[in-house]
Every structure is written in structure tokens, then in C-alpha cells.
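The structure appears right after this line, and notes come after that.
In what follows, every chain begins at residue 1, and chains take the letters A, B, ... in the order their sequences are listed. As the structure is a computational prediction, the values presented were derived from the model and not from experiment. All heavy atoms count here, side chains included; hydrogens, waters and symmetry mates do not.
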Protein chains: 4
Amino acid sequence: MQEPTERPPTRAVLMDAALAVFTEQTYGGAAVAEVAKRAGMSVGTLYRYFPSKEALGNAVFQRWKGMLVERIAGSGDEPARVMFARMWRLVLDFADEAPDAFAFLEFQQHEGYLDAESVALSERVSAAGEEFVARGQRTGEIRAGDPAMLLALVYGALVGLIKARRGGLKLGAAELEASERAAWALLAAEN
Amino acid sequence: MQEPTERPPTRAVLMDAALAVFTEQTYGGAAVAEVAKRAGMSVGTLYRYFPSKEALGNAVFQRWKGMLVERIAGSGDEPARVMFARMWRLVLDFADEAPDAFAFLEFQQHEGYLDAESVALSERVSAAGEEFVARGQRTGEIRAGDPAMLLALVYGALVGLIKARRGGLKLGAAELEASERAAWALLAAEN
Amino acid sequence: MQEPTERPPTRAVLMDAALAVFTEQTYGGAAVAEVAKRAGMSVGTLYRYFPSKEALGNAVFQRWKGMLVERIAGSGDEPARVMFARMWRLVLDFADEAPDAFAFLEFQQHEGYLDAESVALSERVSAAGEEFVARGQRTGEIRAGDPAMLLALVYGALVGLIKARRGGLKLGAAELEASERAAWALLAAEN
Amino acid sequence: MQEPTERPPTRAVLMDAALAVFTEQTYGGAAVAEVAKRAGMSVGTLYRYFPSKEALGNAVFQRWKGMLVERIAGSGDEPARVMFARMWRLVLDFADEAPDAFAFLEFQQHEGYLDAESVALSERVSAAGEEFVARGQRTGEIRAGDPAMLLALVYGALVGLIKARRGGLKLGAAELEASERAAWALLAAEN
DNA sequence: AATGAATGAGCATTCATTCAT
DNA sequence: GATGAATGAATGCTCATTCAT
């Protein structure tokens, strides 16, 4: 009888390798063979798990976009201020734990190869974000204005912060706190 | 009688075509032949003006990064609040007038091919931004905190806004005003 | 039942094709695609076996230069006269059996692409030849003079002979004998 | 009225440049543009003087092959021994004065592009050589055997010598003398 | 299931040749 | 006559994808 085993799930190994290579070289600039090599497998095996480079790209995109959305999904009825603080931290944690994933998702352009499902997922994420803003507006905590616009601003700020850190900017816990407060000021209803 | 001339400056035509193709397909995903075709020229001609794809990429990058920095360069001794409003508008205008250029510069990852000069130019831009923040902090208009961090946040917010607009978000003049006010709140010293 | 196998050793097939094409068109004038076609393979396959045209050129050069040197290597303590006769015949045989190889090696100029190893091999061959001449001089069989010079003369004569045969000159066994005697006269100590 | 002038004859300048480039890089490996640049002219000008790369190659070949044949042409009724000594020296001088030309003519393979005229010229040269050998045989000075074979041997020896010198072999006047004596031994009738 | 050799279209780049100025 | 910009086919090389083992 065989042990339940603990083999590294091939698909996941491939996706990790793909993420690394895509992040370094861009989806367009990455070679499938390089992904396979990085995963310690043959190209043939890669193609047993993913029918094409495009499919691989989408799988990676969806996996991490999904991971990200899962993190920040839980809502509840907390005040927007509290929820925002939590989300800010969660995304920052995500970017710390999976910096390549965040870079791949947010610092690159994916237009050329994303399939319908990937696009739908992205839209679901935005919708959730806008929903959060709208709710905060309804409770008077968040300033008036197109929720999509406000979301674009704060999320942009967050992405900018993470990009700067990836570029070498060192920030202590206090400063991270400060960044969150500043970002909230962007959102907060004027006194 | 004819005006002294109006020749299409070949180099510029090529760089425009390159910008369009790079923006659509990413530097890594773009084919040099496609750039030449889009410019209405042969590949050979492209290579008479640029020694390599890399050189072309850097030329495009530097041209537009330079353009952008030129726009927002003028400083003066105005209050930070005024200066910020002007800059916000200027970058927005730039992105309206040259949307591909902005997308190419700010929505993509360039790490793989940028040369020293391109990198230096990018750094000069950041330095100018940080200088602006630092000055505002000295006058008490801008909140305390690492200037690089604050710059990353606001510039990220601006990029996020422009990305959202490129993605289809429609905003009127009033809302653009509002976005600027919100962004300033991020920067402004807490009263 | 089948013999253990007889697969065409891909590398060797490629090198044979390369030799043929290089001999016909010169290394510089040969197209890699033509080599692949002649070998009945795709370009991609060629590049799986040789990292570059240069590497292919060097591999072909070294294979045949090595073959040639192997042929004429064995020395022994025979009189120079005997040894010379044998070598003359061996090189002639080599040129008969592998006329393209000899032409490639000796009728062309390789300066541009030969790597260190190829150059070293060539030098080893010359050194062996000079050693033969020097030994013959020590025994008084071969005339005085710079061994390198004498080697250049006889080997040149041999190459000239083979080139003429390749150009259409027909020689019977007796005449080949005569050529050897004449060449030896060049070398022989004056009575 | 115009001065007889002394402009550098464009055609000759081009042919000199071509010789240099062909010698360095082989006809097949040489770029027409490089020839033009080396000649200090534009490609357009080159093409005004030579209708194609092939034509240029043949012109260069014929010019120098012609030069060489001219040198060694004069016959007279001298003894073969004397004539041989003179020719040996003349070719050596030619190779000293125009080393690139000799290398181009004799160290390379030209099969691919030589036209009928070039081939005819080469044949005329051989014929003259064979005639010299035949005459020497008639006077009993040169050993018996196919004149083409004997010519191939001595001329090969001479080419070998010059190639070795080009490769770095240094020879004094005495050794050059010795080389000539050795080469004559190859030809000389066995007493 | 896994491998990696094989394929050939595609890519960046070069080159012989033409032609408007 | 001279120039060199322009052309596009050809070159060396890479890459996504397939398939026999």
C-alpha cells in the first residue's frame, strides 16, 4: 500500500516557475522552455498540464488574482475606516509574501493574452472594491465622488507604494502605518 | 511657392510607430517588422535609424519620459498646494494628449532592456518629485513622512486614475477636480 | 529480430552536410539553412546540436584535422625516407577518401572563425611535421635548413598536388610514385 | 584647358579596398558596404564602377592574377635552372610587395563566383607553367613526369612557403636561397 | 505519465542592390 | 558623377508546439 504521498503537485510547480519567469521577463518576453527548465521538467510535461503558453499565462494570472481577491474578500459590517486599514495591511502582506505575484499582476500589462475568465475575474475584483467605496459613502465615512475613480486612486496609491518598495524603498512599521493614514485621507469624507 | 519643406522626420515616424506597437503588445511581445510596417517603412530603414530593437525601445522611453519631465519641471516658489494642482493637471493633460506614451511609460515593466541613460532619467524624475514633497514638508503644507513614500503614493494614485480612464472610466471636469482634491488630501499636512 | 540499432548519428549527419556545403560555398558563403536542408533536418535541430554556425565550423574543422593528424601520427624509428613515403601515401589516401574534408581544411582560409582549440590543433599538426623533419636532419637524411620552412615546402607541394587532382588532373599509380620521389628530392640531403 | 590631373583612379581605389576586405574576410564573408567604406566612398559610387559584387570580385581576381602572370611571363631561351631561380624570386617579391593579393589569389577558394574570363586567365597561367616544365624536360634539365603534376608540386611548395611566412615564419636571404635550391631539387632531372 | 528531440514559422539583424536627389 | 537613404530578401538564431519513445 502506498503512503498518501506528498509529491509536489506538478501543476503548482509549473505555475510557480512560470510566475518567476513572467515576472522577470514579462509574459511576452518569456520562453516556455525556460519555464519548464525552472520547474525542473521537460517542455513535454508542461504541455501535458497546460495546452498552450496562453493557457499557462491565464492560469497564473487567475491563481494569483484569485488569491489576492480571496484575501481582501471578507467584508462584514465594520466601519469603512477599520475595513480599509485591514485591507491595506492585507494587500501589503500579500505583496510581501508573494512579491513576484503582485508584480506580475499589477506592474505588467496583460491585454494581449488574457481570456474572458481572467477579464471577468479582474472585473469582479474591481466591483468588490467599488462596492466597498460605495458602502463607505453611504455611511458618510468616504468622500463623495465616482466610486470607481476613488478606488482607482487608492488602489493606485497602494500599487505605487509596493512598486517603490520593490524598487528598494525601505519602510519601517511606523511608516507603513503612516502610508495607510495618508491613503485613508484620500478616501475620507472631508471633515 | 513652397514652404521650406515638411518632410516626415523618419526617426520620429519610427518612434511613433514603435510607441504604438510597444503599447499594444509590450516591448517584449512586439516584432520589429511590425513596427516598420506600421511606420510604412522597410525593416532595413528602421535599422538605419536605430541599431537594435533595444536602442529603439530606449529611444522611445527616453523621448516620452523626457517629455513628461519637461512638462512638470518648472517649479517656482508657489505654494505646494498650487503647484500640486498644476502638476496634477499637467500630467492628466499629457496622458490625454499622448495616451499611448503614458501607458507605455507607466503601465509596463521595462526592467529587461532599459540602458543606463534611461534609468538615470527615471531617477532624475523621481528625485524632482521627492524634492517637491520635501519642499512642501518644509513649508508645513505636506504631511511628515518619507518623501519617497509620499511621492510613490500620490504618483501611484495618479497612474491608477489614468489607467482607469484608459480602461473606460469616464470623468467630467468636476470629477477630475475632485480627484485632485482627494489626492491632495493624501499629501496635505493633517491640520 | 533486429540488430541493436543503426540510428543515424544526428551530429555526424549534420557535420557531413556542413562539410559538403562549406567545401562548396566556403564557410562564409554558406547558409546554415542550406546545411540543415542538406542534412535532411530542420534548422532547429541543427541548433540543438551546435550552438552556432561558428561552433559548427569549428567542430567540422577539428573533426577532420584530427582525422588527418591521426592518420599520419604513428612514428616509429624507421628511416625518414621510409616514413616520408608512407606519409605521402597516407595523406593522398585521406584526400581520396575524404576529398571534401581535405579541400575544406587545406584549400580555404579559416582565420575569421576558428577558435582557440582549432588553432591549437593546427599548431600541434605543424609541430609534429617539424619534428619529423628535424629528426631526419639529425640522421643526415634530410637537408639542412629551418624545419618549418622545409615542412612548408613539402606540405605545400602535397597540397598543390591534391588540388590539381581535384581540378581534374588524372594520375596513375606510377605517376603518384613519381610525385613522391620528386617531393623527397626536395627534402633529401644533397648527396 | 584642364591639367592632366592626378586624381586617384576611383576604380583602383575600390579594387584596393576590395582586396583588403576580401583577404581579411573572404569574398563570401565580405560586405559590399565595408568595401565602400574602406575605399572612402559610398556604396552608390561602388555600384557605378562595378555592376555587382561578383563583378568586383572578378575584377580584383583578374587584376592580380594578371599582375602575377605578367611578372613571370618573360621567357627567353635561358636554361630552366636560371629561369626557375628568377621566377622563384619574382613570385616571392610579388608576395612581399602585395601580400594581400597573393593571399587572396592563392589561399582562398574562388569557385563560387569566378566568371569565364577569370577561369580562362587562371588556365593561361597554368599552361605557361606547364610549358616551362615541358621545355625543361626537353632540354633534359627537368625530371620526367606529367608537367602538370610537376608544376602543381613546385607551385604548391612555393605557395606553402609564402603561407608559412604570412603565418609568421621569418626567413633570411640565405634561407630563401636554400628554399629555392630545395624546390629546384624537386624539379631537377635525377643526374 | 514523462521526456526531449524535432519541427518550421517567426524573430532580430544584415546585406546586395536601387534610385531620388 | 556622387551620395546614402531605402528596400526586402536572406541570414543566423529562437521559440511555441508536437510526438515517438
Side-chain angles (χ1 to χ4, degrees), chain A residues 7 10 14 25 27-37 39-57 113, chain B residues 5 7 10-11 14 28-37 39-57 113, chain C residues 5 7 10-11 14 28-37 39-57 113, chain D residues 7 10 14 25 27-37 39-57 113:
Chain A
R7 299 208 217 156
T10 316
L14 281 164
Q25 320 188 8
Y27 171 85
V32 170
E34 171 71 14
V35 172
K37 203 216 290 185
M41 281 165 211
S42 68
V43 223
T45 302
L46 186 155
Y47 272 87
R48 178 165 294 283
Y49 288 87
F50 299 94
S52 67
K53 186 187 178 187
E54 232 180 271
L56 176 58
Y113 65 93
Chain B
T5 74
R7 289 204 231 165
T10 314
R11 232 185 116 85
L14 280 164
V32 171
E34 172 69 15
V35 172
K37 204 217 285 189
M41 281 164 210
S42 66
V43 217
T45 299
L46 186 155
Y47 273 89
R48 175 166 294 281
Y49 288 87
F50 299 94
S52 67
K53 185 187 177 186
E54 232 180 272
L56 176 58
Y113 66 93
Chain C
T5 75
R7 293 205 227 160
T10 315
R11 234 185 114 86
L14 280 165
V32 171
E34 172 69 16
V35 172
K37 204 216 287 189
M41 281 165 210
S42 66
V43 215
T45 299
L46 187 155
Y47 274 91
R48 175 167 294 281
Y49 288 87
F50 299 94
S52 66
K53 185 187 177 184
E54 234 181 89
L56 176 59
Y113 66 93
Chain D
R7 300 210 216 156
T10 316
L14 279 165
Q25 321 189 7
Y27 172 84
V32 171
E34 172 71 14
V35 172
K37 204 218 287 192
M41 280 164 214
S42 67
V43 223
T45 302
L46 187 155
Y47 273 89
R48 177 164 294 282
Y49 287 87
F50 300 94
S52 67
K53 186 187 179 186
E54 234 181 88
L56 176 59
Y113 65 94

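Annotation: of the two residues near DNA chain F, A/G28 and B/G40, the 5′-most nearest-nucleotide partner is B/G40.
The nucleotide whose nearest atom lies closest to any side-chain atom of C/A31 is, among E/dT17, F/dT11, F/dC13, F/dT11.
Residue-level contact check: B/Y49 touches the backbone only, with heavy atoms under 4.0 Å from sugar-phosphate atoms and none from bases. Backbone-only engagement by D/A30 is indicated by non-hydrogen atom pairs under 4.0 Å involving sugar-phosphate atoms exclusively. The residue C/V32 sits close only to the backbone: its heavy atoms come under 4.0 Å of sugar-phosphate atoms, none of a base. As judged by a 4.0 angstrom heavy-atom cut-off over every strand, C/A36 is placed among residues making no nucleic acid contact.
The partner of E/dA1 is absent, by the rule that a Watson-Crick or G-U pair needs both atom distances under 3.5 Å. Remark: E/dG10 base-pairs with F/dC13. Criterion, Watson-Crick or G-U wobble with two distances under 3.5 Å. Base pairing of E/dT21: its partner is F/dA2, meeting the Watson-Crick or G-U wobble criterion (both donor-acceptor distances under 3.5 Å).
Note that CG of B/L56 and CZ of B/R11 are 8.5 Å apart. Values are rounded to the nearest 0.5 Å. With rounding to the nearest 0.5 Å, the separation of CE in D/M41 from OH in D/Y47 is 15.0 Å.
Put simply, CD on D/Q25 is 13 Å from C1' on E/dC15, counting in whole angstrom units. The interatomic distance linking B/Y47 (OH) with F/dG12 (C1') rounds to 13 Å, in whole Å. One interatomic measurement links the two molecules: CG of D/L14 to P of F/dA2, which rounds to 10 Å at whole-angstrom precision. Look at NZ on B/K53: it is 14 Å from P on F/dT14, rounded to the nearest Å. Rounded to whole Å, atom P of E/dA5 lies 14 Å from atom CZ of C/F50. Straight-line distance from the CD atom of D/E54 to the C1' atom of E/dT17: 13 Å, rounded to whole Å. Residue A/L56 contributes atom CG, which lies 13 Å from atom C1' of F/dT17 at whole-angstrom precision. In this structure, NZ of A/K37 is placed 14 Å from P of F/dA16, rounded to the nearest angstrom.
Of all heavy-atom pairs spanning D/A39 and D/L14, the tightest one is CB-CD2, 3.8 Å.
Between C/T45 and the phosphate of E/dA5, there is no side-chain N or O to OP1/OP2 separation shorter than 4.0 Å. Phosphate contact (OP1/OP2 of E/dA5, side-chain N/O of C/S42, threshold under 4.0 Å): absent. A sub-4.0 Å separation between OP1 or OP2 of E/dA6 and a side-chain N or O of C/R48 is absent.
Taking the ring centre of A/Y27 as origin, the terminal cationic atom of A/K53 falls inside the region bounded by 6.0 Å and 45° from the ring axis.
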